[in-house]
Structure formats: structure tokens, C-alpha cells
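From a predicted model like this one, the values you see are computed outputs, not experimental measurements.
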Amino acid sequence: MTGIFEGMAGVLADVLGGPVLYTPKGGAPREIRSIFRTEPIEAEDQDGHPIVIIAPSWRVGRNLVPELARGDRIDPQTGTLYTVELIRPSGSPAGDAFVICELRKVQP
């Protein structure tokens with residue numbers, strides 16, 4: 001049943017997103033087309049209940065960041081760096097489904 005969902009994260013990232021520089025702990029930075037937001041977004045908790053995320057957030061296909069972990073760095077190329085604080089899987093069964101990361105601004 002995942003067939004109809006496959007590829008949708010990439011399409012949405014292409015339409016709504018832009019290049020974000022991702023640096024995993026102990027790894028080299030790489031540019032990933034994904035969706036970075038500073039305004040609140042709606043998401044679902046692990047039980048499917050709607051929630052509002054007020055922290056800056058990053059939506060990225062989980063297949064693009066298999067090593068994703070708390071503390072990884074995100075540079076949306078806006079002049080501010082962020083670290084990953086919390087990782088929320090989406091409800092989609094697709095292999096390339098989004099994960100939503102809550103971010104924390106890195107103090108200079």
C-alpha cells in the first residue's frame with residue numbers, strides 16, 4: 001500500500017523547499033533539498049493527534065538522512081545555524097516519507 005505514497009516527499013520538497021546544508025555528527029556536510037520553517041507548523045504526535053510545533057522545524061525525507069540524530073547541524077543558509085533537538089516520524093508508510101525535526105538555534 002505504500003506505492004501511492006512513494007516519491008511524494010521529494011515532490012513536496014521540490015515545490016515547497018530549498019537547499020539546506022545538513023551536517024551529521026562526525027560527518028561531512030551535504031546539501032539536501034528539504035523544507036525549513038521558522039513559523040509554527042501543524043504535525044501529528046505518535047498517536048496521530050494533531051499538535052503544533054512552535055520551534056523552528058526541518059522536514060526531510062528519511063531516506064536522505066538515515067544517520068539523522070539529535071545534535072546534528074542544520075544550516076538553512078539564512079545566516080543562522082541550528083541543531084536537531086527532536087525527531088518526529090510522519091505517519092506515512094512510504095520509504096521516503098518525511099521526518100520532522102524540531103530545531104534549536106545555535107548561539108554564536
Side-chain angles (χ1 to χ4, degrees):
M1 185 67 183
T2 65
I4 61 172
F5 299 104
E6 292 295 332
M8 290 306 297
V11 170
L12 289 172
D14 286 345
V15 173
L16 303 173
V20 172
L21 196 59
Y22 166 66
T23 307
K25 286 189 277 186
R30 64 183 188 268
E31 194 171 87
I32 298 175
R33 188 146 185 96
S34 51
I35 303 170
F36 170 80
R37 297 285 183 261
T38 55
E39 65 275 358
I41 64 165
E42 291 184 14
E44 292 183 352
D45 67 12
Q46 61 191 16
D47 297 320
H49 300 108
I51 60 169
V52 175
I53 298 173
I54 59 172
S57 63
W58 183 49
R59 288 182 192 241
V60 61
R62 68 176 159 222
N63 62 318
L64 300 176
V65 289
E67 72 275 50
L68 182 63
R70 186 170 192 238
D72 290 354
R73 294 261 173 144
I74 305 300
D75 180 357
Q77 302 178 54
T78 61
T80 304
L81 296 176
Y82 299 86
T83 58
V84 173
E85 289 298 308
L86 182 65
I87 303 166
R88 297 179 179 276
S90 72
S92 173
D96 68 339
F98 281 127
V99 292
I100 302 170
C101 300
E102 291 185 37
L103 307 174
R104 182 177 53 87
K105 186 176 176 181
V106 174
Q107 299 301 323

Counterpart residues, side-chain hydrogen bond (donor to acceptor under 3.5 Å, both in side chains), relative to Arg88 (two or more places apart):
Glu102

Among residues at least two apart in sequence or on other chains, which ones pass salt bridge (Lys or Arg N to Asp or Glu O under 4.0 Å) with Glu42?
none

CD of Glu31 to CD of Gln77: how many Å apart, nearest 0.5 Å?
5.0 Å

For Pro89, give me all partners under side chain to side chain contact (heavy atoms under 4.5 Å, CB included), at least two apart in sequence or on another chain.
none

Donor-acceptor pairs under 3.5 angstrom involving side-chain atoms of residues 64-73: please list them, not counting sequence neighbours.
| from | atom 1 | to | atom 2 | distance (Å) |
| --- | --- | --- | --- | --- |
| Glu67 | OE1 | Arg30 | NH2 | 3.2 |
| Glu67 | OE2 | Arg30 | NH1 | 2.8 |
| Glu67 | OE2 | Arg30 | NH2 | 3.1 |
| Arg70 | NE | Glu85 | O | 3.1 |
| Arg70 | NH2 | Glu85 | OE1 | 2.8 |
| Asp72 | OD1 | Lys25 | N | 3.0 |
| Asp72 | OD2 | Tyr22 | OH | 2.5 |
| Asp72 | OD2 | Ala69 | N | 2.9 |

Sequence neighbours excluded, every pair satisfying ring pair (Phe, Tyr, Trp, His ring centres under 6.0 Å) that has a member inside residues 62-83
Phe36-Tyr82

Locate the shortest heavy-atom distance separating Ile41 from Ser57; write the atom from each residue and the value.
CD1-OG, 3.4 Å

Before giving the answer on side-chain contact (heavy atoms from CB on, under 4.5 Å), spell out for Val20 and Ile32 the whole-Å C-alpha distance, their side-chain angles and the decisive distance to 0.1 Å.
CA-CA 5 Å; Val20 172; Ile32 298 175; 5.5 Å; no

Apart from Leu86 itself, what residues make up its hydrophobic cluster, given side-chain heavy atom links below 4.5 Å?
none

Nearest-0.5 Å distance that lies between atom OG1 in Thr23 and atom CD1 in Ile74:
7.5 Å

What about Val99 and Val84, same hydrophobic cluster or not, with Ile/Leu/Val/Met/Phe/Trp/Tyr joined at side-chain heavy-atom distances under 4.5 Å?
yes

Is there a path of hydrophobic side-chain contacts, each under 4.5 Å between heavy atoms, that joins Ile53 and Leu103?
no

Calculate, to the nearest 0.5 Å, the distance between atoms CG and NZ belonging to Leu81 and Lys105 respectively.
10.5 Å

